Amino acid sequence: MNTMASAAAVAATTTGAPDKMVIGYPALSNHVAAGYPAPGTAYPYAVPPPSSYPQAYRTVGPRHSRSQPSFLCRLIAAATVLFAILGLLFLITWLVLKPRLPVFRVDSVSASPLNTTRSQLTAAWNITLVVRNPNTKLSIYYDRVQASVFYKDGSLISTMPLPPFFQPKRNETRVRFQLGVVGQYVGEYVATEISDERAGGSVGFGVRVLAWMRFRTRSWWRTSQCLLRVYCDRIQIGVDPSKASRSLTSQPGSCEVELE
């Protein structure tokens with residue numbers, strides 16, 4: 001009986017639902033599905049050589065687009081610094097040397113014969129100017145000097161060139177010259193005014209001097225030539241009927257000096 005029970009149990013086990021057995025390939029991982037080798041395994045393909053072509057989407061622009069503004073800025077900065085240094089050196093030199101304009105004054109004037117007709121003038125002026133250089137460190141050179149005599153209203157009567165001259169520092173020089181006209185046309189109005197003033201005892205004239213001048217030290221420093229204008233107005237020449245020559249009657253002050 002026991003033998004039959006064991007057989008029945010074996011039969012029941014055999015006739016029951018058999019175990020399912022799956023036969024196939026192992027499941028693929030994500031690396032293998034994506035085309036990469038499984039972890040722990042070597043790459044089955046050879047590594048490709050590096051490409052000799054430039055990378056794609058490379059931005060290529062002009063090489064000088066950045067360097068050009070930088071060079072221009074450096075050039076402007078260098079020029080600014082250079083001009084600033086030169087200006088500072090000039091200012092320091094000017095403050096050390098302290099250049100001053102020369103001083104002019106009329107020392108003596110005489111005129112003869114100072115005759116007028118209806119519109120003409122005959123006269124000769126002997127003029128002496130005193131020129132003083134007030135600078136203690138600078139000499140002055142005068143080139144292309146020109147002197148003129150004019151009537152008080154500004155009418156030019158006579159002009160002539162004068163020789164150039166040189167003044168050392170703190171020097172005083174007398175410049176003598178003579179201007180004359182014979183039958184010079186001055187116009188009826190000027191001739192009448194001079195005649196009326198002569199009848200009143202004195203005639204007013206003026207002297208003007210133009211010169212190209214420059215300052216210079218004993219060493220290297222010197223200025224460029226500048227135009228010097230000198231105005232000596234209100235020169236009264238007395239008229240004495242008993243004398244042929246008329247001389248200065250009122251001493252004018254220092255002449256006006258301008259530099260251009």
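The shown structure was predicted, so the numbers you read here are calculated from the model rather than taken from an experiment.
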* Gap between atom CG of D233 and atom CZ of F150 - 0.5 Å precision -> 4.0 Å
* Side-chain contact, heavy-atom cut-off 4.5 Å: Y142 with P102? -> yes
* Within the distance-only criterion (no hydrogens, no angle test), does the side chain of T122 pair as donor or acceptor with the backbone N or O of G183 below 3.5 angstrom? -> yes
* 4.5 Å side-chain heavy-atom contact, V257 and L228 -> yes
* Expected output: side-chain Q120 to main-chain G187 donor-acceptor under 3.5 Å -> no
* Asked: Heavy-atom distance under 4.5 Å between the side chains of Y185 and S119, does that happen here?
  -> yes
* **Exercise: identify the closest heavy-atom pair between V145 and A211** => CG2-CB, 4.0 Å
* L114 and V203: side-chain contact (heavy atoms from CB on, under 4.5 Å), yes or no, with the steps? -> CA-CA 10 Å; L114 200 60; V203 183; 4.0 Å; yes
* Asked: Between W125 and I235, does a side-chain contact (heavy atoms from CB on, under 4.5 Å) hold up when you go through it step by step?
  -> CA-CA 12 Å; W125 293 267; I235 299 176; over 6 Å; no
* **For S108, the option from T128, L129, V130 that meets side-chain contact (heavy atoms from CB on, under 4.5 Å)** => T128
* To do: For residues F215 and M213, determine if any side-chain heavy atom of one lies less than 4.5 Å from a side-chain heavy atom of the other.
  => yes
* **Closest heavy-atom pair and its distance - Q236, G204** => OE1-CA, 3.3 Å
* To do: Evaluate the criterion side-chain contact (heavy atoms from CB on, under 4.5 Å) for residue pair Y151 and V186; output intermediate values, then yes/no.
  => CA-CA 10 Å; Y151 189 56; V186 294; over 6 Å; no
* Asked: Which atom pair, heavy atoms only, marks the closest approach of L138 to P99?
  -> CD1-CB, 3.4 Å
* **Y231: hydrophobic cluster co-members (side-chain, 4.5 Å)** => none
* Structure fact -> Between the CZ atom in R170 and the OG1 atom in T136, the distance rounded to the nearest 0.5 Å is 7.0 Å
* Asked: Would you say L210 and V207 are hydrophobically clustered, going by side-chain heavy atoms of ILVMFWY under 4.5 Å?
  -> no
* Structure fact -> Between the CD1 atom in I237 and the OG atom in S112, the distance rounded to the nearest 0.5 Å is 10.0 Å
* **Polar side-chain atom of R234 near backbone of F205 as donor-acceptor pair, under 3.5 Å** => no
* Asked: Is there a side-chain contact between I140 and F165, using heavy atoms and a 4.5 Å cut-off?
  -> no
* Any donor-acceptor pair under 3.5 Å linking the side chain of T80 with the backbone of I76? -> yes
* Would V181 and L156 show up in the same hydrophobic cluster when neighbours are defined by side-chain heavy atoms closer than 4.5 Å? -> no
* D107 and R176: CA distance, side-chain angles, deciding distance, salt bridge (charged side-chain N to carboxylate O under 4.0 Å, His left out) verdict -> CA-CA 10 Å; D107 186 60; R176 297 179 176 88; over 6 Å; no
* Does one hydrophobic cluster hold both Y141 and W212, with members joined at side-chain heavy-atom distances below 4.5 Å? -> no
* Structure fact -> One should read off an interatomic distance between L179 CG and S148 OG, to the nearest 0.5 angstrom, of 7.5 Å
* Asked: Taking the side chain from N133 and the backbone from P168, do they hold a donor-acceptor pair closer than 3.5 Å?
  -> yes
* N171 side chain vs F166 backbone, donor-acceptor pair below 3.5 Å -> no
* Asked: With distance as the sole test, does T192 use its side chain to make a donor-acceptor pair with the main-chain N or O of E188 at under 3.5 Å?
  -> yes
* Asked: Which pair of non-hydrogen atoms, one from R105 and one from S254, has the smallest distance, and what is that distance?
  -> CB-CA, 4.3 Å
* Using a 4.5 Å cut-off on heavy atoms from C-beta on, say whether the side chain of N115 contacts that of L121. => no
* **Donor-acceptor under 3.5 Å (S158 side chain, V149 main chain)** => no
* Counting distance only, does the side-chain N/O of T159 pair as donor-acceptor with the main-chain N or O of A147 below 3.5 Å? -> yes
* Full working for salt bridge (charged side-chain N to carboxylate O under 4.0 Å, His left out) between E197 and K152 -> CA-CA 11 Å; E197 283 195 69; K152 64 180 182 180; 3.2 Å; yes
* To do: Could you walk me through whether L227 and R229 pass side-chain contact (heavy atoms from CB on, under 4.5 Å), step by step?
  => CA-CA 7 Å; L227 181 60; R229 296 180 181 270; 3.5 Å; yes
* Matching residue for C255 among V131, V103, V106, V209 - test: side-chain contact (heavy atoms from CB on, under 4.5 Å) -> V106
* If you measure only the distance, is there a donor-acceptor pair under 3.5 Å linking the side chains of R144 and Q225? -> yes
* To do: Quick one: pull up CD1 in I127 and OG in S110 and give me the separation to the nearest 0.5 Å.
  => 8.5 Å
* Check whether I194 and Y189 end up in the same hydrophobic cluster, where Ile, Leu, Val, Met, Phe, Trp and Tyr are linked by side-chain heavy atoms less than 4.5 Å apart. => yes
* To do: Keeping the roles fixed (side chain from N135, backbone from K137), state whether a donor-acceptor pair exists under 3.5 Å.
  => no
* Roughly how far, to the nearest 0.5 Å, is the CG atom of L101 from the CD atom of E258? -> 10.0 Å
